[in-house]
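Each chain gets a letter, A, B and so on, in the order its sequence line appears, and its residues count up from 1. All values reported here derive from a predicted model rather than from experimental measurement.
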Amino acid sequence: MHTMNLSPDQQFSLDQTLGCGQVFRWDKTDAGWWYGVVGRHVIKIRQDSRKLTFEGASVPFITQYFSLDLDLQLILETIDRDPFIDSAIRRCQGLRLIRQPKWECLISYICSTNSNIPMIRRRIGTIAEQFGREIIFEGKKYYSFPEPSAITCSGGKALAECRLGYRTPYVFNTACAIGNIKQWEETITSMAFEAARRELMKLSGVGPKAADCVLLFAFQKHEAFPVDVWIRRIMQQHYIRNLSITSGLTGREYDCIRRFAREHFGEYCGYAQEYLYAARL
DNA sequence: ATCCAGGAAAACG
DNA sequence: CGTTTTCATGGA
């Protein structure tokens with residue numbers, strides 16, 4: 001068991017961070033412990049005011065994973081450009097963007113399309129159960145998220161049982177296309193934002209929204225501003241008055257919204273997106 | 001039954 | 001080229 005004390009000027013809320021919908025494999029018990037599978041390990045963690053208590057990971061790993069090395073206060077000052085975002089920031093104090101495992105994040109957001117968070121969580125869990133490695137922790141079974149080869153080797157038969165609907169071929173095709181995770185990660189990491197975005201969108205099942213989420217939540221490209229139905233509503237009501245009223249979000253509308261956000265909130269507009277999303281209710 | 005959910009691909013003018 | 005339709009699933 002490790003402990004870690006957060007400095008007074010180091011804002012962090014474990015509940016906001018794990019509960020805001022950016023990540024899908026964490027659960028909180030009634031006793032106040034969060035359990036999550038990250039990589040090959042189960043992590044158990046809790047927060048008591050300024051103290052973090054955890055096992056299954058080292059202090060440097062936790063620091064990296066929860067972006068505790070970043071000066072959140074400074075980032076929030078740069079995006080705090082109007083009363084509406086200011087209120088969202090105050091309501092979601094301590095929310096940080098997680099550095100998610102990249103491949104898992106990619107599949108997660110391929111599975112997220114036209115769906116809701118409980119359903120996405122179930123899909124990721126099912127894929128892990130089908131193809132992942134079993135991990136026993138405190139007598140309970142958990143499953144790591146599988147490598148691409150584990151999914152492609154089955155020839156797609158087992159994937160069809162994961163209830164992904166029309167997303168099944170997207171996941172399979174993308175697993176085939178990625179092949180080597182390390183190489184893929186390095187390629188995307190080395191690219192500038194727009195180029196990386198175009199590269200991700202070549203993958204099956206990856207459109208503008210999924211690409212932006214992966215760039216923001218896994219590659220730390222904070223210029224990304226994912227636009228889902230909620231963000232679109234918020235931007236429409238509070239920021240951009242005259243958007244055309246079509247049922248689906250067209251490519252031009254998406255670009256209009258994300259470019260406005262990049263201008264208005266600045267280079268950390270991705271943080272603004274997550275605060276707006278988390279404060280939506 | 002109808003609508004909705006952190007959309008994307010295919011089909012269509 | 002931009003715009004509409006289709007897609008599978010489960011919960012409300």
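- For A:Asp228 and B:dC4, the CG to C1' distance is 13 Å, given to the nearest whole Å.
- Heavy-atom distances to DNA chain B give each of A:Cys20 and A:Leu203 a nearest nucleotide, and the one nearer the 5′ end belongs to A:Cys20.
- One atom, CG of A:Leu159, and another, P of C:dA8, lie 15 Å apart when rounded to the nearest Å.
- Rounded to the nearest 0.5 Å, atoms CG (A:Leu164) and OG1 (A:Thr168) are 4.0 Å apart.
- The six-membered or imidazole ring of A:Phe217 lies near that of A:Tyr109, with a centre-to-centre distance under 6.0 Å.
- A straight line from CG of A:Leu164 to P of C:dG10 spans 11 Å, rounded to a whole angstrom.
- For A:Tyr170 and C:dT9, the OH to C1' distance is 14 Å, given to the nearest whole Å.
- The closest donor-acceptor contact from the side chain of A:Gln22 to the backbone of A:Thr17 lies under 3.5 Å.
- Residues of residues 211-227 of chain A having a heavy atom closer than 4.0 Å to DNA chain C: none are found.
- A:Asp212 has a carboxylate O that lies under 4.0 Å from a charged side-chain N of A:Arg197, or vice versa, which qualifies the two as a salt bridge.
- A donor-acceptor pair shorter than 3.5 Å can be found between the side chains of A:Asp9 and A:Ser7.
- Atom CE of A:Met4 and atom CD1 of A:Ile62 lie 8.0 Å apart (nearest 0.5 Å).
- The stretch residues 102-121 of chain A comes close to DNA chain C through A:Asn114, A:Met119, each having a heavy atom under 4.0 Å from the strand.
- The OH-P distance, from A:Tyr254 to B:dA9, rounds to 13 Å in whole Å.
- Residue side chain A:Tyr166 reaches the base of B:dG7 through a donor-acceptor N/O pair under 3.5 Å, judged by distance alone.
- Not one side-chain nitrogen or oxygen of A:Arg167 sits closer than 4.0 Å to the OP1 or OP2 atom of B:dA5.
- At distances below 3.5 Å, at least one donor-acceptor pair connects side-chain atoms of A:Arg96 with backbone N or O atoms of A:Leu70.
- To the nearest 0.5 Å, atoms CD1 (A:Ile188) and CD (A:Glu186) are separated by 11.5 Å.
- If you measure from atom CG of A:Leu281 to atom P of B:dA5, you get 12 Å, rounded to the nearest angstrom.
- Following rounding to the nearest Å, A:Arg232 (CZ) and B:dG7 (P) show an atom-to-atom distance of 12 Å.
- Distance noted for atom P between B:dA11 and C:dA8: 14 Å (whole Å).
- Checked against the 6.0 Å centroid threshold, A:Phe265 and A:Tyr239 count as a close aromatic pair.
- A:Arg280 has its CZ atom 10 Å from the P atom of B:dA5, to the nearest Å.
- Salt bridge status for A:Asp86 with A:Arg90: present, with a side-chain N to carboxylate O gap under 4.0 Å.
- Using a 4.0 Å heavy-atom criterion, one finds that A:Tyr277 contacts the bases of the nucleic acid, with or without backbone contacts as well.
- Among the atoms of the strands shown, base atoms are found under 4.0 Å from some heavy atom of A:Gly21.
- Checking B:dA5, B:dA8, C:dA8 against every side-chain atom of A:Ala210, the shortest atom distance belongs to B:dA8.
- For A:Arg252, the listed nucleotide lying nearest its side chain is C:dT3; candidates were C:dG10, B:dA8, C:dT3.
- Nucleotides B:dT2 and C:dT6 have their P atoms positioned 16 Å apart, rounded to a whole Å.
- Comparing atom distances between the A:Arg122 side chain and each of C:dG11, B:dA8, B:dA5 picks out C:dG11 as nearest.
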